[in-house]
Each structure stands twice: as structure tokens, then as C-alpha cells.
Amino acid sequence: INGLKSPLAHEALLNWLKLFCVNFGAAALSNYMQDMLTWVLKECDEKNIKVKNAAIDVIGELHSQLGPPFEAFVKSKDMQTSIMAIVEKAMKDRPFDPNAKDVNRKIKCVTLLTSGNTVSSAKENSAGSDGSTSFLSLPKMDLIDSLGNDILNQIVLTEGKNSWKQRKEAMDNVIARLSKCSGMLSTDHKAFNSLKELIAAIRSRLNDSQSNLKPLAARAIGSILSHTDEQSQAKIGKAVFPSLVNAAMNDTKKTMRDAAISSLTSGIKRNKLDGGGTNLLSLDVFIASMESELSDAALKSAGLADVLFFLAETLQSICSNNNVALKGIKVSSHLAKIIVTSLLSSKSGTRLEAEKILKISLDNDLVAANELEKEIAKLLPAQQRTLRSFVPNSSSSTNEVAASRKTPLQSTSRSTPSRQLS
């Protein structure tokens, strides 16, 4: 087709390609997908308006079926700003339909059926994962390699009056580089070891002597977490979640507390290319980290209520989606301790958020009654009596909890102050 100058031939092939994707599904392009997409993107730069519009129609149809992987592939290409704007508008006009992979197409592709690359074999819950995206070469970035090894020295530099400027510039460069990453970060053995060194360096800036650099460090960590696969995300979480939770609870400045919670949010959400939704592995790490940081000082802190609100919203969201995997949450004992300890706080906002988590946990069997009993048994008699108004002996249902309270749990939750996650 590249050897044909006639616009009619280009337009006709583009129209046929769109019809092919509608009737067969984009997965039927199989091994030819990447070459076809490269050609279609080139056709978006055609001067002939009919050819350009036909190419835009194909872009829209493919985006509606393939979603985030397709978008990442497109953004990885070196295109003129004007052409990228046209392509982005085409994708915006035809948003991704997660149900596209389940559509019963008019025509079946014999080669896909015989090779076993069917819709049913797609990765469960993966956005746009209908077997078609496996034929796209999605970009992966070696972050340290793209930034240069000197980035580590810049981030930890403390000598000199203006060293803070170099630390700031280095972290700004990390965030800027990640903003241009259309795919995922490389996490093979060598790249991941370098990434851990970078994370450790940035984590040290969460307590920087320059207070304006602390939120910047939290944002940099969040950017890294949002570009990693779920396994790597959980591994990195073990290194940074305790520090982020501590900052979110105890830092004196709200800008830092908000930045820490925003970073935690990025740390428990899977990248769209990795399926999207909550990363249950990271959630386990977050809950365990929060329990470890829940000190007496934290119970009096200004930020604990916001962290509890974040946890309550996350748990409620997952339970609302009927996520069966959450029933097997591995940190039930940690969650029980968070609930029991937080209910003893002198701050009403903290107690109200803890009550919400208690209700969600009992409603969805996230915490066993015996786990709560174990934590209550560790308390002083007076503290135990206080908690019995929330958690009666051998509690096994939310109805028992609500019935035992002087004020119903439902009315309490309505009086909870409105909070918003950053």
C-alpha cells in the first residue's frame, strides 16, 4: 500500500481495516497488529482529508477495544505534536470499553480459535486483555539508565549551602521523566536493583531539612509506584510504606500529609497496563505497615483520621466490587489491631473512621471475631470496657455490634466529617 499514491486505495484499505476490527475483533490482527498500527498512525498525517478521517476512525475503534495498552503503544511513538493531538482526540471520542473483549463478534477468526488465543484465555480482569495486546510491543523504561547514575548522588547530596537545589532538581527530573513514560518501568533483576537504590535515596528525602522537598519526595515515590507491575509495587511498598504512613499521620504540615496519602494511593493501585484496580498484595503491605507505625503519638496525631479514611474507602470500594480475593486477606490480625487501637484515640474523628472500618470488616468477614478478642484482651480493664460498646464478646455480625451501641453505627457514619483523598 505504501507504493500506491492514489488516496482512494489508502482510504479503502483503512475503511476495510475498521470493518475487519468490528466484525472479527482487534485480536484477529494477531501478529500483524503492530505493523498495521504503525501504518495507521502514519496515515493520520496524510494531507487528503478523507484518508486522514478514515485513519482516525480506525484509531478510535482500536482504542475502544484495546484501551490502555493501545494508548501506551501510541504514546511511545515519536510523532509531531499536531498529529499526537489528533490521535489523542480520536481516543477520547471513542473511550475504552472494558466489555469489548466479551462481545460476540459476527465473524470468528479460525487461526485464533485453533491457536488457543481466544477471549476466554485472556488474563482475568486485565484491561483490554483479550489476547490482542500480547502482539503489541509495549515500552518498558529502565529509569536509572534514562536518568544517569549520577542521579543517586544528587538526591542524597547534603554538603554545601545550595545542595538542596540539586536535590530538588534531581527529584524534579525523576518526576518529569516518569511523566513521559507511556508504559511500565523495567523491573528485571538489574533494573530493579537500581530502582531500589533510587527508592532508598528518595525515601531519605521524606525527612529532608528543607520542608518544601518532603512533599516532592513523596510525589516522586508515588510516580515510581504508579509505573511498576503489581509484584514490584508490593516489594517497593515494603520499603516505603512505613515512612509514608508515618508522614501521613504525624507530619505537622498538611501539604506533606496529603502528598504522603497521594503516594500511598498510587502504591496500592495497579497500573492500567497491569489490569488496573486495587493491588491486593500492596494493600496487605500497607495494612501491616500502618499497624507497625500506630504508636501512642500517632493516636493523637492530626493525620491518623485521614489515613483511616483512606483505608476505609479502599476496603469499601473493593468489597462493593465483590472482590472474592479480599476474603482471604492475609493481614487480618494487623487490621484488627488497627481497629482496636484507633477506637481508643482521644480524637472523635479518628474513632469515627475506625468505627467505619470495623463495620466494613465485620460486614465482609475481613476480620475474624477472635482476632478482635485477642487485641482487646491485651488492654487494661478500663479500656476493655470502653471497647465493649463497639465490639461485644464473641461478636460475629454487624447487627450485634450496632445493637450493643448506645447510638447506632449508621447514624454515627452519617455524622462523619466529609473527607476527600488528594
Side-chain angles (χ1 to χ4, degrees), residues 25-27 33 59-76 88 91-103 119-141 178-187 219 221-237 240-241 261-287 310-329 364 420-422:
M33 180 176 293
I59 293 292
E61 179 61 34
L62 288 172
H63 181 255
S64 70
Q65 292 191 39
L66 305 181
F70 173 77
E71 187 173 350
F73 176 83
V74 168
K75 291 183 177 180
S76 70
E88 287 180 342
M91 293 190 292
K92 184 178 179 181
D93 291 341
R94 289 292 305 278
F96 171 53
D97 178 10
N99 298 317
K101 63 181 182 294
D102 299 321
V103 172
V119 172
S120 61
S121 66
K123 180 181 177 182
E124 187 178 354
N125 295 326
S126 178
S129 181
D130 58 356
S132 52
T133 57
S134 61
F135 299 109
L136 290 177
S137 178
L138 300 178
K140 283 199 172 186
M141 177 196 292
L178 285 165
S179 69
K180 297 177 181 179
C181 177
S182 57
M184 305 273 280
L185 292 178
S186 175
T187 54
R219 288 196 293 273
I221 291 173
S223 296
I224 293 173
L225 287 167
S226 67
H227 285 84
T228 53
D229 61 86
E230 62 177 344
Q231 297 284 344
S232 301
Q233 199 176 53
K235 291 177 182 178
I236 294 173
V240 298
F241 283 175
I261 288 182
S262 178
S263 184
L264 288 168
T265 302
S266 298
I268 66 168
K269 286 188 176 179
R270 290 186 297 179
N271 188 290
K272 289 181 180 179
L273 298 178
D274 207 26
T278 301
N279 182 352
L280 297 182
L281 295 174
S282 288
L283 179 59
D284 280 348
V285 175
F286 164 69
I287 292 174
F310 164 66
L311 176 57
E313 290 288 292
T314 302
L315 294 176
Q316 185 61 65
S317 174
I318 297 174
C319 294
S320 298
N321 293 331
N322 296 319
N323 197 317
V324 179
L326 189 61
K327 303 295 183 181
I329 192 168
N364 297 278
Q420 290 185 348
L421 295 177
S422 299

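FYI, the numbering just counts along the sequence from 1. Quantities reported herein were computed from a predicted structural model and do not represent experimental measurements. Scope of the values below: all heavy atoms of this structure, side chains included, with no hydrogens, waters or symmetry mates.
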Exercise for review: Could you grab the distance from atom CG of Leu283 to atom CG of Leu315, nearest 0.5 Å is fine?
Suggested key: 6.0 Å

Check your understanding: Under a 4.0 Å N-O cut-off, is there an ion pair linking Glu88 with Lys92?
Key -> no

Review point. Should Phe70 and Met91 count as side-chain neighbours, where that means a heavy-atom distance under 4.5 Å?
Key: yes

Practice item. Report the distance from atom CD of Gln231 to atom CG of Asn279, rounding to the nearest 0.5 Å. Key: 8.0 Å

Check your understanding: Would you say the side chain of Arg270 lies within less than 4.5 Å of the side chain of Glu230, judging by non-hydrogen atoms?
Key -> yes

Check your understanding: Should Thr265 and Thr314 be marked as a side-chain contact (heavy atoms from CB on, under 4.5 Å) after you check the CA-CA gap, both sets of side-chain angles, and the distance that decides it?
Key -> CA-CA 9 Å; Thr265 302; Thr314 302; over 6 Å; no

Revision key, fill the gap. In this structure, OG of Ser232 is separated from CG of Asp229 (nearest 0.5 Å) by 3.5 Å

Check your understanding: Of all heavy-atom pairs between Leu225 and Gln233, which one has the smallest distance, and what is that distance?
Key -> O-NE2, 2.9 Å

Study note, to complete from the structure: Scanning both residues in full, the closest heavy-atom pair of Gly222 with Ser263 reads N-OG, 3.2 Å

Check your understanding: From Ile287 CD1 over to Ser282 OG, what is the distance, rounded to the nearest 0.5 angstrom?
Key -> 11.0 Å

**Study point:** Rounded distance [0.5 Å steps], NZ in Lys140 versus CG in Leu273
**Key:** 9.5 Å

Study note, to complete from the structure: Residues Ala26 and Leu62: closest non-hydrogen pair is CB-CD2, 3.9 Å

Review point. Would a 4.5 Å heavy-atom cut-off, applied to side chains only, mark Thr228 and Asn271 as touching?
Key: no

Check your understanding: Is there side-chain contact between Phe241 and Ile221, with at least one heavy-atom pair below 4.5 Å?
Key -> no

Exercise for review: Output the distance between atom CG (Leu281) and atom NZ (Lys235), rounded to the nearest 0.5 Å.
Suggested key: 10.5 Å

**Study point:** Heavy-atom side-chain contact between Phe73 and Leu66 under 4.5 Å
**Key:** no

